[in-house]
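Working notes, beginning with the structure itself.
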Amino acid sequence: MLIRTNVNGEERQADVWPGTSLLSMLRDHLGLVGSKNACEQGECGSCSVWLDGELVCACLVLAAQAGGRDVRTVESLAQGDRLHPVQKAFVDAGAVQCGFCTPGLIVATADLLQHDPTPGEETIREALAGNLCRCTGYQKIIDAVRIAAECRRA
Amino acid sequence: MRIMDVLLPRTLDEALEMKAAAPAAMPIAGGTDVMVELNFDRRRPATILDVSRLPELRTWRKEDGAFFLGAGVTYARIVNDLTMFPALMQASRTVGSPQIRNRGTVGGNLGTASPAGDALPVLAAYDAEVVLARAGGVTRALPWHQFMVGPKKTVIAPDELILGARWKIARGPGSFSKVGTRNAMVIAVASLCLLFDEGGRTVRVALGSVGPTILRAPDAEQFLARVLHDAGAWDNPRVPVPPAAIEEFAGRVAQAGRPIDDVRGTAAYRRHACTVLAQRALTWALSDRKLKETR
Ligand SMILES: Cc1cc2nc3c(=O)[nH]c(=O)nc-3n(C[C@H](O)[C@H](O)[C@H](O)COP(=O)(O)OP(=O)(O)OC[C@H]3O[C@@H](n4cnc5c(N)ncnc54)[C@H](O)[C@@H]3O)c2cc1C
Ligand code: FES
Ligand code: FES
């Protein structure tokens, strides 16, 4: 079936099998491979995107449900070579090891900071509870969120 | 079987007509249960019916003394907006992660009818009815225990959709608590909702994850109502409730559970968890009553 969706500010369309997830539409049909596919069951958050401004797991949205709506992916954050402050903070903090979880964490962090520009540690941990990282042990990720929050304030 | 079609109704009437014409169509709301099944090939419905855009399901309202919560209201909206129902808010806050709470709905929780569904003990303690609709403006309301009849089993008819849940608003403290291996993203090993109804002078307790479906604890409820009555605590919340009675109440709550051993915990552990949850919930409620009284 044909799905028309606004992705990162552009009208896009894809002809997908009706059972396709938004994640698969983004990656396999629209070539946006920033959102990662790790679990396809909402557990890991590596597929986090915004749907009409709300943070969601793209693997749990039926592509057809995103028809006529606004989707924003991790690809929308950097401006050309200029990294988004959250991306820069992850690099500066050393919060990236294999990097598989990173796009999802960046999106979830940017979402958190939109809602709460000065989150405490508990808030950060709760906001990122749906994003799993198998490498870093999370401490550097928390540091990155703090750096990003300070950057935003500066 | 291949999925052939996704139906995308814009209004409830349209959705009910579609369901009548294609009763096998599987509704999808937030998709947080349905998509897992699709992604893992556990289900291959020929038709999917998207109910996530129906404005009629995304609302709530007061209906003289009662409250109606639309099936399509997400946990995130409950946490943000429904502060008048602390137990429902607390339960919603424990669901999954922000990503899950932004999509997952109470209607989906009812549709799945897992004994571990976190909204369900709250609806049971509220004595909620589940409102179902079919084409032609026909609705019926079933008490929660007649709607959910077993693990993942409901009596919804193939041509019906869940409109929402409705309950009488009770005055009095209440809470939801859950035991799991983490503070977030966890399926309950045991959960409990306790609610005081000061007007009716009753206490209601519902348990999740410790039986084939949600269970109430009528024996414990009656015991506690009697204790409060005998102590004069219904009229005067400052009257202390003897610790032995709190313990007895908690023990009776645990007796109402019918837990099994599974990967998440043993039956014995679950029973113990019920005792602890009941004790804590009652202690919080009693102190809330006192605070309210002294304010
Ligand atoms: C990572 C993860 C974590 C989770 N954590 C929790 C948790 O902590 N606690 C918890 O309780 N649940 C949890 N869940 C399960 C799920 O999020 C909840 O059950 C949620 O309430 C489902 O709502 P939904 O709108 O996403 O339902 P959907 O997946 O869209 O639908 C679920 C079922 O209900 C039916 N349905 C939905 N709406 C209607 C309607 N209006 N009429 C008729 N049938 C309908 C569907 O056909 C389907 O059978 C989790 C899920 C995931 C993936
Ligand atoms: S791939 Fe979507 S949450 Fe893991
Ligand atoms: S950096 Fe490897 S999973 Fe997070």
- Task: Taking heavy atoms only and a threshold strictly under 4.5 Å, list by residue number the residues of residues 49-60 of chain A that touch chain B; give 'none' if the list is empty.
- Result: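 Contacts with chain B: A:Leu51, A:Glu54, A:Leu55, A:Val56, A:Cys57, A:Cys59, A:Leu60.
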- Part of A:Leu22 within contact of chain B (heavy atom distance under 4.5 Å):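 When you check distances to chain B, no heavy atom of A:Leu22 falls under 4.5 Å.
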- Item | Contact origin within A:Ser48 toward chain B - heavy atom pairs under 4.5 Å |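 The side chain, not the backbone.
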State, yes or no, whether a side-chain contact exists between [X] and [Y] at a heavy-atom distance under 4.5 Å.
{"X": "B:Met35", "Y": "A:Leu62", "result": "yes"}
{"X": "B:Arg93", "Y": "A:Glu126", "result": "yes"}
{"X": "B:Asp5", "Y": "A:Pro18", "result": "no"}

Just wondering, more than 12 heavy atoms not from [X] lying within 6.0 Å of its [atom1]?
{"X": "A:Arg27", "atom1": "CZ", "result": "yes"}
{"X": "A:Arg69", "atom1": "CZ", "result": "yes"}
{"X": "B:Ile187", "atom1": "CD1", "result": "no"}
{"X": "A:Glu122", "atom1": "CD", "result": "no"}
{"X": "B:Asn183", "atom1": "CG", "result": "no"}
{"X": "B:Arg182", "atom1": "CZ", "result": "yes"}

Measuring from [X]:[atom1] to [Y]:[atom2], what's the distance to the nearest 0.5 Å?
{"X": "B:Phe40", "Y": "A:Gln41", "atom1": "CZ", "atom2": "CD", "result": "4.0 Å"}
{"X": "A:Met1", "Y": "B:Leu8", "atom1": "CE", "atom2": "CG", "result": "5.0 Å"}
{"X": "B:Ile100", "Y": "A:Glu43", "atom1": "CD1", "atom2": "CD", "result": "7.5 Å"}

- B:Ile28 portion near chain A, given a 4.5 angstrom heavy-atom threshold: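 Its backbone and side chain both get close to chain A.
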- Query: What option among B:Val34, B:Asn39, B:Val36 has the most heavy-atom pairs under 4.5 Å with chain A?
  - Reply: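 Highest number of pairs under 4.5 Å: B:Asn39.
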- Item | Side-chain donor-acceptor contact under 3.5 Å, A:Asn131 with B:Gln99 |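 The answer is yes; a qualifying pair exists.
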Considering all heavy atoms, the nearest [X]-[Y] contact:
{"X": "B:Ser97", "Y": "A:Gly130", "answer": "CB-CA, 3.3 Å"}
{"X": "B:Pro98", "Y": "A:Ala127", "answer": "CG-O, 3.4 Å"}
{"X": "A:Gly19", "Y": "B:Leu38", "answer": "O-CD1, 4.4 Å"}

- State whether the side chain of B:Arg53 and the backbone N or O of A:Gln65 hold a donor-acceptor pair below 3.5 Å, judged by distance alone.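 Yes: the side chain of B:Arg53 pairs with the backbone of A:Gln65.
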